[in-house]
Visitor: 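Have a look at this one before I ask anything.
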There are 2 protein chains.
Amino acid sequence: MNIGQAARTSGVSAKMIRYYEQSGLIPPAGRTGAGYRDYSDKDVHELRFIRRARDLGFATTEIVELLGLWRDRSRQSADVKRIAENHVAALQTKIRELQEMADTLAELAHCCHGDHRPDCPILERLETPENDTPATIRPRSGAVARSRR
Amino acid sequence: MNIGQAARTSGVSAKMIRYYEQSGLIPPAGRTGAGYRDYSDKDVHELRFIRRARDLGFATTEIVELLGLWRDRSRQSADVKRIAENHVAALQTKIRELQEMADTLAELAHCCHGDHRPDCPILERLETPENDTPATIRPRSGAVARSRR
DNA sequence: CTTGACCTTCCCATGGTTGGAAGCCGCAGA
DNA sequence: TCTGCGGCTTCCAACCATGGGAAGGTCAAG
């Protein structure tokens with residue numbers, strides 16, 4: 001099966017399949033005489049696995065681990081569970097941060113007249129917030145989720 | 001004031017100040033005879049404004065708008081409110097997506113024994129999920145928030 | 001004058017994904 | 001057989017925000 005067909009069947013774009021191969025997430029695909037990549041149903045199965053893991057927000061490094069465990073018949077489910085739980089925790093941290101932003105903004109927006117007048121608590125808050133901590137260490141969450149595709 | 005001092009005072013790293021200048025978010029800073037960038041208290045004030053907007057998760061394009069409104073004495077608070085409310089909506093969409101991921105994963109993890117045995121509902125779900133929609137259009141949220149710093 | 005802290009510009013890397021260009025391959029229709 | 005089209009190949013670049021680092025200039029204190 002050509003890469004295009006594999007892409008359509010797995011839901012992973014051809015671009016990304018090549019990228020996954022190049023970055024070592026999946027082994028190099030076999031090639032036809034003409035140099036075209038050739039995929040088996042098993043390969044497509046694996047690509048689908050990867051896509052679903054990404055849909056759940058797993059980072060590449062986590063997917064590498066999950067793939068390894070998936071292939072390993074003697075794996076221990078505790079290892080998988082650990083990865084999943086760590087990821088859930090990371091997601092929840094991220095959610096909390098976003099929720100805090102949303103709450104703050106929603107409150108400010110609520111207080112804003114939203115009319116033709118220039119006075120605006122939102123801008124005031126950006127100008128001189130109550131709880132400002134300049135140059136301090138704030139939560140540097142980092143890389144938890146895209147939801148793309 | 002040198003860029004280092006401006007960075008410390010505003011809470012925006014010197015790297016990012018140069019980046020903001022280069023990308024047009026802020027006007028080019030004045031220069032001393034030696035070519036050093038020179039910042040006024042007003043500039044620092046603006047940098048702080050930017051940092052706070054970023055802390056609330058606003059995208060660069062939104063910050064450009066907010067800065068424009070901030071500088072415009074004849075602005076209408078409705079414009080600011082609109083931007084803020086759009087952003088809140090975007091944040092909440094993002095939050096919903098992440099929450100969905102977290103819920104799914106938490107449930108799977110809950111069902112996983114987490115012991116030495118290989119059987120694992122998490123891997124099973126990644127292999128053959130119930131609701132799979134391969135090659136369809138899924139939410140491409142995109143660019144709603146970093147929470148960095 | 002030396003030292004050390006600071007500044008300058010420039011390049012590189014991250015992560016996930018998309019876009020494009022140039023060129024080869026394979027199939028179908030005239 | 002020739003032509004055209006779409007698929008495939010590789011390579012290069014971009015997005016966004018940020019940090020790292022090198023090579024070299026500047027400044028103030030000792």
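Here the structure is a predicted model, which is why all the values come from computation and not from measurement. Within every chain, numbering begins at 1; the chains are lettered A, B, ... in the order of the sequence lines, protein sequences first and strands thereafter.
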Visitor: Between D:dC11 atom P and A:E21 atom CD, what is the distance in whole Å?
Guide: 12 Å
Visitor: B:K15 or A:I3: which one's nearest nucleotide on DNA chain D is closer to the 5' end?
Guide: A:I3
Visitor: Taking atom types as they are modelled, is there a donor-acceptor pair under 3.5 Å from the base of D:dG25 to the side chain of B:Y36?
Guide: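 Yes, the side chain and the base share a sub-3.5 Å donor-acceptor pair.
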Visitor: Could you tell me how far apart B:Q5 (CD) and C:dC6 (P) are, to the nearest whole angstrom?
Guide: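 So the two atoms are 10 Å apart, to the nearest Å.
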Visitor: Looking at A:R117 and A:D119, is there a salt bridge between them, counting it only when a charged N and a carboxylate O are closer than 4.0 Å?
Guide: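 Looking at A:D119 and A:R117, the cut-off is not met.
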Visitor: Report the distance from atom CD of A:E62 to atom C1' of C:dG16, rounded to the nearest whole Å.
Guide: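 Roughly 15 Å, once rounded to whole Å.
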Visitor: Please give, in whole Å, the distance from C:dT17 P to A:I17 CD1?
Guide: 12 Å
Visitor: As a test of reading the structure: which of C:dC6, D:dC16, D:dT9 is closest to the side chain of B:N2, going by heavy atoms?
Guide: C:dC6
Visitor: Could you check if a side-chain atom of A:R51 sits within less than 4.5 angstrom of a side-chain atom of A:M16, using non-hydrogen atoms only?
Guide: no
Visitor: What integer distance in Å separates A:D38:CG from C:dG26:C1'?
Guide: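 Result: 15 Å.
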Visitor: Quick check: do B:D38 and B:N2 have side-chain heavy atoms less than 4.5 Å from each other?
Guide: no
Visitor: For B:E46 and B:R71: C-alpha separation, side-chain torsions, deciding distance, then whether salt bridge (Lys or Arg N to Asp or Glu O under 4.0 Å) applies.
Guide: CA-CA 10 Å; B:E46 189 157 302; B:R71 296 194 193 101; 2.8 Å; yes
Visitor: Quick one: A:L56 CG to C:dG16 P, roughly how many Å, whole number?
Guide: 15 Å
Visitor: Hey, can you tell me if B:H45 and B:W70 have their rings parallel, tilted or perpendicular (30° and 60° cut-offs)?
Guide: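 Perpendicular.
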Visitor: I need the CZ-C1' distance between A:F58 and C:dG15, as an integer number of Å.
Guide: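 Rounding to the nearest Å, CZ of A:F58 and C1' of C:dG15 are 17 Å apart.
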Visitor: Output the single nucleotide from C:dT17, D:dT18, D:dT26 whose closest atom is nearest the side chain of B:M16.
Guide: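 The closest nucleotide is D:dT18.
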Visitor: Of the options C:dC11, C:dT17, D:dA17, whose atoms approach the side-chain atoms of B:T60 most closely?
Guide: D:dA17
Visitor: Go through D:dT18, D:dT9, C:dT9 for me and flag the one nearest to the B:R31 side chain.
Guide: C:dT9
Visitor: From CD of B:Q22 over to C1' of D:dA14, roughly how many Å is that when rounded to an integer?
Guide: 14 Å
Visitor: Heavy atoms from C-beta onward define the side chain here; which of D:dT18, C:dT17, C:dT8 lies closest to that of A:R54?
Guide: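 Among the listed nucleotides, the one closest to the side chain of A:R54 is C:dT17.
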Visitor: Nearest to the side chain of A:Y20, heavy atoms from C-beta on, is which of D:dC8, C:dT8, C:dT17?
Guide: C:dT17
Visitor: If each of A:Y19 and A:G33 is mapped to the nucleotide of DNA chain C with the nearest heavy atom, which maps nearer the 5' terminus, i.e. the 5' end?
Guide: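 Result: A:Y19.
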Visitor: Which one, C:dC7, C:dG16, D:dG19, comes nearest to the side chain of B:S13?
Guide: D:dG19
Visitor: So what does B:T32 touch, heavy atoms closer than 4.0 Å: a base, only the sugar-phosphate, or nothing?
Guide: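 No contact.
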Visitor: Pick base, sugar-phosphate or nothing for A:R37, based on heavy-atom distances below 4.0 Å to the nucleic acid.
Guide: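 Contact class for A:R37: sugar-phosphate only.
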